[in-house]
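Right, one structure below, let's go through it.
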Amino acid sequence: MSERAFRSAVVPAAGLGTRFLPTTKTVPKELLPVVDTPGIELVAAEAAEAGAEQLLIVTSPGKDAVAAHFADSAELEKTLAERGKDALVAKVRRAHDLIAVRTVTQDQPLGLGHAIGCAREAIDPAEGAFAVLLPDDLVLPSGVLSTMARARAEKGGSVLCAFDIPREEIGAYGVFDVSDTDDPDVKQVHGMVEKPAPDEAPSTFAAAGRYLLDVAIFDAIDRITPGAGGELQVTDAIALLISEGHPVHVVVHRGGRHDLGNPGSYVRAFVDFALEHPDYGAELRAWLTARLAD
């Protein structure tokens, strides 16, 4: 395998963001700021850091604003520069300079597997594999995609990301059925169970929103049966590949994670990032300390 493990990164962003209504009537959920940077820009930066050359944003009709965030902003930059605001010029230019962005359209919300399948025409089969990053998930620190790429280089097939979750909390997640390899943080996957009872969970390794998928996944998506609501689930396509001998592994990420998918967890992410911000962190920490003491 070449040094560049993948060229394309797919970001499914076609959802309606119903848990953030009424805000998402006009502002796509993916553009909600984590302090001053949209979540999708943080995800794009992670993909670029891991070596991706193109970001394929899967959108629904009417969500043009997500891709527009990465468009050229020369006029705004010129205005800011004329006012001597060079630091702001760098901030607004960052998204455009990060990575080449293309959009593909998912006309109907038919599941994650269907969304990934919509990107197939934009991915050259010769690439061998591509990344998928769910924009609701911030995996911290960044770098897990590079670790996953090394696992694929060694073991082939597809590689997913997992977190080791306390067993009493495991019922909220998709859980992998795994066996050990010679690396304690790389497990071979034999199957997956959605939201099992804690005492029935096959492991404590839960799925996170990062995938490094062999291009064979597209053929598998074509061959799976739609589930509830006519949705095609990528986990079903992965299970089909496993049944046919395709190697699938997980990398257990020992860092942290933020879920931007609902208001409660989004607030935690915002506060966590704000506490680390050089301009706002100290004042926010002092205010929180006083507020929680009331």
Side-chain angles (χ1 to χ4, degrees), residues 1-12 46-47 49-54 56 58 111-134 137 139 142-164 173-194 202-225 232-254:
M1 175 174 286
S2 65
E3 183 178 345
R4 186 178 299 279
F6 60 93
R7 176 176 176 269
S8 301
V10 176
V11 178
E46 180 186 348
E49 178 187 328
E53 295 178 345
Q54 70 166 346
L56 300 172
V58 183
L112 178 57
H114 181 265
I116 292 171
C118 290
R120 78 180 70 198
E121 298 303 323
I123 297 174
D124 186 339
E127 293 183 38
F130 61 97
V132 177
L133 299 89
L134 302 190
D137 281 334
V139 178
S142 62
V144 70
L145 284 173
S146 296
T147 305
M148 293 162 65
R150 290 192 293 271
R152 172 175 155 85
E154 180 179 338
K155 302 188 180 294
S158 297
V159 182
L160 317 179
C161 178
F163 278 81
D164 194 357
Y173 298 90
V175 183
F176 296 109
D177 178 8
V178 299
S179 60
D180 292 339
T181 70
D182 54 358
D183 184 332
D185 286 340
V186 177
K187 312 288 183 181
Q188 184 172 358
V189 179
H190 305 288
M192 190 173 179
V193 179
E194 283 293 335
S203 75
T204 57
F205 298 112
R210 299 293 180 270
Y211 306 76
L212 184 53
L213 298 175
D214 191 280
V215 292
I217 196 71
F218 292 130
D219 176 65
I221 290 169
D222 289 340
R223 294 187 288 124
I224 59 175
T225 302
L232 295 172
Q233 300 302 337
V234 70
T235 50
D236 291 339
I238 291 169
L240 176 59
L241 290 179
I242 291 172
S243 73
E244 296 174 346
H246 179 94
V248 175
H249 292 81
V250 293
V251 165
V252 182
H253 185 64
R254 303 295 180 180

Practice problem: Could you go through the side chain to side chain contact (heavy atoms under 4.5 Å, CB included) check for L112 and Y211 one step at a time? | Solution: CA-CA 12 Å; L112 178 57; Y211 306 76; 3.9 Å; yes

Quiz item: Distance from L145 atom CG to L133 atom CG, nearest 0.5 Å?
Solution: 5.0 Å

Quiz item: Will you find, in the side chains of S8 and Q54, an N or O donor that is under 3.5 Å from an N or O acceptor?
Solution: yes

Quiz item: Does the side chain of S142 pick up a donor-acceptor pair with the side chain of E49 at under 3.5 Å?
Solution: yes

Quiz item: CG/L232 to OG1/T225 distance, rounded to the nearest 0.5 angstrom?
Solution: 9.0 Å

Self-check item: Beyond-backbone contact of V11 with V58, side-chain heavy atoms, under 4.5 angstrom
Solution: no

Quiz prompt | Atom of A52, atom of F6 and distance for their closest heavy-atom approach | solution = CB-CE1, 3.8 Å

Practice problem: Would you confirm whether R223, through its side chain, and A220, through its main-chain N or O, come within 3.5 Å as a donor-acceptor pair? | Solution: no

Practice problem: Before accepting this row, confirm whether a basic side-chain N of the pair D164/K187 lies closer than 4.0 Å to the acidic partner's carboxylate O. | Solution: no

Quiz item: Is the shortest heavy-atom distance from the side chain of H249 to the side chain of P247 under 4.5 Å?
Solution: yes

Using distance only, find each side-chain donor-acceptor pair of residues 233-241 under 3.5 Å and give its atom names and separation, not counting sequence neighbours.
unit_1, atom_1, unit_2, atom_2, d
Q233, NE2, E231, OE1, 2.9

Practice problem: Mind running side chain to side chain contact (heavy atoms under 4.5 Å, CB included) on R150 and V159 for me, showing each step along the way? | Solution: CA-CA 10 Å; R150 290 192 293 271; V159 182; over 6 Å; no

Quiz item: Checking salt bridge (Lys or Arg N to Asp or Glu O under 4.0 Å) for the pair K155/D183: CA distance, chi angles, key distance, verdict?
Solution: CA-CA 11 Å; K155 302 188 180 294; D183 184 332; over 6 Å; no

Quiz item: With a 6.0 Å cut-off on ring centres, are F176 and F163 close enough?
Solution: no

Self-check item: Approximate separation, where rounding is to 0.5 Å, of L56 CG and I116 CD1
Solution: 11.5 Å

Practice problem: Would you mind checking if D137 and R210 are paired as a salt bridge, meaning a charged N to carboxylate O distance below 4.0 Å? | Solution: no

Self-check item: H246 and S158: side chain donor to acceptor below 3.5 Å
Solution: yes

Exercise. Would you mind reporting whether L134 and P12 have side-chain heavy atoms less than 4.5 Å apart?
Key: yes

Quiz item: V10 versus I123: any side-chain heavy-atom pair under 4.5 Å?
Solution: yes

Practice problem: State which residues pass side chain to side chain donor-acceptor pair (under 3.5 Å) with H253; sequence neighbours excluded, sorted by chain then number. | Solution: none

Quiz prompt | Spatial distance of atom CE (M192) from atom CD1 (I242) [nearest 0.5 Å] | solution = 9.5 Å

Exercise. May I have the step-by-step check of side chain to side chain contact (heavy atoms under 4.5 Å, CB included) for V175 and S203, ending in yes or no?
Key: CA-CA 7 Å; V175 183; S203 75; 3.6 Å; yes

Quiz item: Can you list the steps and then say if F130 with I217 is a side chain to side chain contact (heavy atoms under 4.5 Å, CB included)?
Solution: CA-CA 10 Å; F130 61 97; I217 196 71; 3.7 Å; yes

Quiz prompt | Taking every non-hydrogen atom, the tightest pair across Y173 and A206 | solution = CB-CB, 3.5 Å

Exercise. Carefully, step by step, assess R152 and D214 under the rule salt bridge (Lys or Arg N to Asp or Glu O under 4.0 Å).
Key: CA-CA 9 Å; R152 172 175 155 85; D214 191 280; 3.2 Å; yes

Self-check item: Nearest heavy atoms of L212 and A131, plus distance in Å
Solution: CD1-N, 4.1 Å

Exercise. Mark yes when over 12 heavy atoms from residues, nucleotides or ligands other than E121 sit less than 6.0 Å from its CD; otherwise mark no.
Key: no

Self-check item: Side-chain heavy atoms of P202 within contact of V178, under 4.5 Å
Solution: no

